[in-house]
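Shown next, in structure tokens, is the structure this report addresses.
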Amino acid sequence: MTMPFMRPPRKNPVLRTRQMNLPPGARGRVALGLTAAAAEGRFELQTCEDCGTVQYPPREVCHKCLSAALRWRAQSGEGELLGSTTLHHSNDLFFRERLPWRLGLVHLDAGPTLMVHLHGEVGDAPTRVRVGARLDRAGQAVLIGFPNEGSAHMADDKMLREMTSDPKFRKALVTDGKTETGQAIVRALVKAGADIVWVGHAEPWKKMGDGLDDISALPQVTLVPLDLTNGRQVTELAGSIGGKVDIVINNAEVHRTFGIGARRGTDVAKAEMDINYFGLLRLAQEFGPALKGRSADGATGATAWVNLLSIYALSNFPPHGTFSASKAAAHSLAQCLRAEMRPAGIRVINVFPGPIDDEWNQHTPPPKLAPTALANAIVKALRDGVEDVYPGDVAQEWLERWRDNPKVLERELAAGG
């Protein structure tokens with residue numbers, strides 16, 4: 001049974017801040033399919049389309065029939081633990097700081113035999129286990145053996161916490177608390193055990209219902225002025241709390257309907273870009289270095305950056321044309337941010353929801369994503385350590401169509417569907 005993770009002691013400000021040592025991150029291109037699946041929470045292995053062999057490690061051709069017709073297919077991960085060992089010494093800097101470290105040899109029901117990291121609740125061999133894929137601090141896929149039946153606190157396993165960004169006892173910044181989505185995210189973080197949640201709010205003179213008052217009454221919540229169009233305000237806030245924030249959730253956005261010809265001028269498009277793209281840029285320039293500097297700051301060090309994007313970022317939805325364009329720009333910027341954050345072990349999570357049940361989608365027919373469901377998906381992504389999330393039925397269908405043929409999806413959307 002995993003012992004519950006207890007609140008760590010406060011950091012001694014006199015001690016030097018530790019620098020992050022990443023696990024070995026070199027992988028061949030053929031192995032990146034495993035990483036791509038793990039980034040979305042799936043465990044996939046190469047499967048030969050000619051003879052049906054499931055193989056590991058990844059190769060250019062099937063090891064049985066030498067066919068090059070290999071496809072990555074989802075696996076159940078069920079298998080038998082053949083043996084295990086505990087590592088007490090390592091020449092690798094990352095593992096030297098985290099010893100002892102348990103490893104095991106697992107024979108999958110699908111055929112391959114794998115060397116995996118073992119969750120602390122997995123018993124001695126022989127025993128049944130379930131193998132899953134997670135991203136390590138270097139952003140590469142690793143394999144973990146889980147017990148078939150875990151305890152209530154299995155997420156608190158020391159090894160597993162290295163692969164995830166659990167909000168428990170961490171401090172988070174939510175950039176916009178005036179929307180239903182932002183308020184749902186704050187409640188979900190508090191429920192997940194976040195220690196402090198700073199909640200940004202622009203235009204404090206503007207009354208936006210009772211939601212902001214309700215979350216401000218929570219003992220973990222502190223309201224802070226934050227307007228992402230105001231570079232000086234972003235800089236001042238980063239100077240005030242940047243050295244304390246562990247998780248940044250950027251949910252601030254401007255969303256307007258219509259495309260190009262239905263509106264005169266560029267004012268609305270500029271407002272969307274100023275928040276959705278330049279707002280993210282301002283935030284990343286000020287808070288990014290602070291997070292990178294604290295990524296090795298103990299058990300609750302800085303760990304994740306979450307961007308609320310849109311499924312419209314993948315392919316433009318003409319009825320929301322300029323909004324789609326701003327989210328596509330933010331998506332590209334978020335990929336740059338992910339590359340820059342990875343050497344510090346900070347995970348950048350991009351969330352691509354379909355239409356949210358809010359004021360800007362009043363005329364959009366169901367199904368629409370409830371703010372609470374979106375908030376729960378964000379917390380789950382933090383706990384599972386994934387990079388890309390597509391919550392809701394519309395987002396899942398859109399993603400499937402986009403992967404199948406982006407050009408066909410573009411034409412379908414242009415025709416109204």
Side-chain angles (χ1 to χ4, degrees), residues 2 22-48 53-59 63 70-82 84 94-95 98 101-122 127-150 154-166 303-304 338 342 345-351 377 379-391 396 399 403:
T2 304
L22 295 179
R27 301 286 195 280
R29 186 180 187 277
V30 68
L32 292 180
L34 184 67
T35 297
E40 296 180 5
R42 302 188 307 276
F43 170 44
E44 295 184 354
L45 294 178
Q46 284 180 320
T47 302
C48 179
T53 299
V54 179
Q55 69 176 15
Y56 184 86
R59 301 175 176 90
H63 75 277
L70 298 173
R71 296 293 181 268
W72 291 93
R73 304 296 184 196
Q75 307 295 323
S76 68
E78 297 293 332
E80 184 87 7
L81 178 66
L82 303 179
S84 64
F94 178 85
F95 290 106
R98 292 161 176 84
W101 197 273
R102 194 165 174 233
L103 304 170
L105 193 66
V106 176
H107 179 73
L108 293 182
D109 296 344
T113 299
L114 320 172
M115 179 66 73
V116 302
H117 305 283
L118 283 181
H119 190 280
E121 294 187 13
V122 173
T127 186
R128 296 289 296 177
V129 297
R130 174 180 53 83
V131 176
R134 294 289 189 276
L135 297 179
D136 63 14
R137 296 300 290 270
Q140 297 287 359
V142 295
L143 302 179
I144 302 176
F146 295 94
N148 279 339
E149 294 184 6
M154 67 178 301
D156 291 338
D157 180 76
K158 181 180 178 182
M159 179 272 297
L160 191 57
R161 280 185 65 88
E162 288 289 344
M163 313 292 177
T164 65
S165 305
D166 197 321
T303 184
R338 178 179 288 161
R342 185 166 292 151
I346 301 294
R347 179 155 298 140
V348 174
I349 301 172
N350 290 332
V351 185
V379 170
K380 186 177 186 300
L382 290 167
R383 285 175 166 166
D384 292 347
V386 301
E387 280 188 349
D388 294 318
V389 189
Y390 303 87
Q396 288 294 322
L399 175 66
R403 284 177 170 165

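When all heavy atoms of Ile349 and Val386 are compared, the closest pair comes out as CG1-O, 3.2 Å. Closest approach of Thr113 to Tyr56, counting heavy atoms only: O-CD2, 4.5 Å. Trp72 and Pro58 make their closest contact through CH2-CG, 3.7 Å (heavy atoms, listed as atom of the first residue, atom of the second, distance). Heavy-atom minimum distance, Pro23 versus Asp136: CG-OD2, 3.5 Å. Considering all non-hydrogen atoms of both residues, Ala381 and Val389 come closest at CB-CG2, 3.5 Å. The minimum heavy-atom distance between Arg42 and Ala133, with the atom names listed, is O-CB, 3.8 Å.
Open room surrounds CZ on Arg29; 12 or fewer heavy atoms of other groups in view lie less than 6.0 Å from it.
Side chains of Arg347 and Leu382 form no contact here, defined as non-hydrogen atoms less than 4.5 Å apart. At least one side-chain heavy atom of Pro112 sits under 4.5 Å from a side-chain heavy atom of Leu45. In this structure, the side chains of Val116 and Ile144 stay at 4.5 Å or more apart for every pair of heavy atoms. In this structure, the side chains of Gln75 and Thr47 come closer than 4.5 Å at one or more pairs of heavy atoms.
Between the side chain of Arg130 and the main chain of Glu149, no donor-acceptor pair closer than 3.5 Å is present. Judged purely by atom type and a 3.5 angstrom limit, Gln46 uses its side chain to pair as donor or acceptor with the backbone of Arg59. Gln55 places a side-chain N or O within donor-acceptor distance of the main-chain N or O of His63, the cut-off being under 3.5 Å. Between the side chain of Arg338 and the backbone N or O of Glu387, at least one donor-acceptor pair lies under 3.5 Å. Side-chain atoms of Arg102 do not come within 3.5 Å of backbone N or O of Leu118 as any donor-acceptor pair. Between the side chain of Thr35 and the main chain of Ala141, a donor-acceptor pair closer than 3.5 Å is present.
Rounding to the nearest 0.5 Å places CD of Glu121 at 5.5 Å from CE of Met154. Atom CG in Leu22 sits 10.5 Å away from atom CD in Gln140 (nearest 0.5 Å). Rounding to the nearest 0.5 Å gives a distance of 10.0 Å between CG of Leu114 and CG of Leu82.
Under the rule for a ring-ring contact (aromatic ring centres under 6.0 Å, His included), the partners of His117 that lie at least two apart in sequence or sit in another chain are Trp101. With sequence neighbours excluded, the residues that form a side-chain hydrogen bond (donor to acceptor under 3.5 Å, both in side chains) with Lys380 are Asp384.
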Arg342 vs Val348, side-chain contact (heavy atoms from CB on, under 4.5 Å): CA-CA, chis, key distance, verdict:
CA-CA 8 Å; Arg342 185 166 292 151; Val348 174; over 6 Å; no

For residues 156-165, run the donor-acceptor check on the side chains, cut-off 3.5 Å, and write out each pair with its distance to 0.1 Å, sequence neighbours left out.
residue: Asp156; atom: OD2; partner: Phe5; partner atom: N; Å: 3.1
residue: Asp156; atom: OD2; partner: Lys168; partner atom: NZ; Å: 3.1
residue: Asp157; atom: OD1; partner: Gly120; partner atom: N; Å: 3.1
residue: Asp157; atom: OD2; partner: Met159; partner atom: N; Å: 3.2
residue: Asp157; atom: OD2; partner: Leu160; partner atom: N; Å: 3.1
residue: Arg161; atom: NH2; partner: Ala299; partner atom: O; Å: 3.4
residue: Glu162; atom: OE1; partner: Arg98; partner atom: NE; Å: 3.2
residue: Glu162; atom: OE2; partner: Arg98; partner atom: NE; Å: 3.0
residue: Thr164; atom: OG1; partner: Leu160; partner atom: O; Å: 3.4
residue: Ser165; atom: OG; partner: Thr303; partner atom: OG1; Å: 3.0

